[in-house]
Amino acid sequence: MSETNSFCSGKSCRSRVADGLDPRSIAPGATICNACCDAMVRDLIALPDLHEECAEFLSSARSSRERTSGGPLPGMPFNATVADVRYTIRSVLGAWCGLIVDERGLPHPGRCVQERAEFLRENIDWLARHSAAAEATNEISRLVRDARRMIDPNPPRRFAVGSCSVPRCSGTLIAVLGARDTLAAAEVMCDHDSGHRWSATTWLKERSSGSRNGGRWLSSSEISYAWQVPTGSVYRLASENKWRRKTASGRKYYYSMDVERTLKTVGRTSR
Ligand SMILES: [Zn+2]
Ligand SMILES: [Zn+2]
């Protein structure tokens with residue numbers, strides 16, 4: 001493969017770029033980084049159960065006509081979209097298995113989702129070096145996302161909040177808000193090492209006080225997340241209270257000490 005392609009374009013790295021972070025670099029000979037490969041393994045572990053849960057949901061939806069919304073395709077009957085998601089899980093996994101079978105000369109795995117997902121995991125090191133590996137991470141993660149969307153209309157919200165603060169870790173920190181967006185239940189976790197995780201409050205305290213010069217620059221989504229303020233209110237509070245701000249890569253950042261001073265006095269209920 002070419003020397004120039006040294007940055008990963010796997011799913012997790014694309015999300016990093018969308019959040020204004022750099023993609024991770026990849027080891028010589030690899031096509032995606034370890035974090036994207038690990039994320040794909042986690043998706044493959046999750047998919048057989050999700051496929052099954054979609055089936056259970058489908059039968060319960062048939063018996064009660066109450067749940068008719070939530071599908072990704074406007075105008076389509078809900079049951080049809082759940083069935084589509086199940087069909088797509090099987091066929092997308094089947095297509096990636098087919099590529100491995102053809103190019104490695106291996107016997108076909110069984111036809112069920114469990115067998116296909118296991119086969120892909122057995123061949124994951126080979127797949128991670130294939131020129132189509134980044135596309136595999138994207139397609140497989142989309143299957144997980146669509147299945148979760150079907151069975152849980154209020155899935156936990158996740159978004160990247162920055163690079164992992166553990167020295168030499170290349171992970172991205174992901175904030176995970178529960179279905180009701182309560183800060184008490186929220187966690188910040190590293191997508192590269194599951195041992196790097198903190199409660200949202202601990203992480204934020206360390207982050208706000210961690211800088212030697214007294215303050216840090218926080219994005220509006222971080223502020224919204226940490227103080228449970230709608231993003232729209234962040235902009236209003238910033239202008240009303242004249243928070244120091246800077247713009248980097250098209251995103252606005254606010255000075256943490258200004259933010260803290262305002263939000264301490266605003267109180268938790270009056271936003
Ligand atoms: Zn990557
Ligand atoms: Zn980490």
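Only this structure's heavy atoms are used, side chains among them; waters, hydrogens and symmetry mates stay out. One-based numbering, in listed order, for ligands and for the atoms of each. Fair warning: this is a prediction, and the values are worked out from it, not measured in the lab.
Between Tyr254 and Tyr235, the ring planes lie perpendicular to each other; the angle is over 60°, past the 30° to 60° tilted range.
Closest approach between the Zn ion (ligand 2) and any N/O/S atom of His196 involves ND1.
Residues His192 and Cys164 have side chains not in contact (no heavy-atom distance under 4.5 Å, counting atoms from C-beta outward).
In this structure, SG of Cys36 and SG of Cys13 enclose an angle of 110° at the Zn ion (ligand 1), rounded to 10°.
One side chain, Trp96 or Glu139, offers a donor N or O that lies under 3.5 Å from an acceptor on the other.
At a cut-off of 2.8 Å, Cys8 coordinates the Zn ion (ligand 1) through an N, O or S atom.
Between Arg24 and Asp191 a salt bridge is recorded (basic side-chain N to carboxylate O distance below 4.0 Å).
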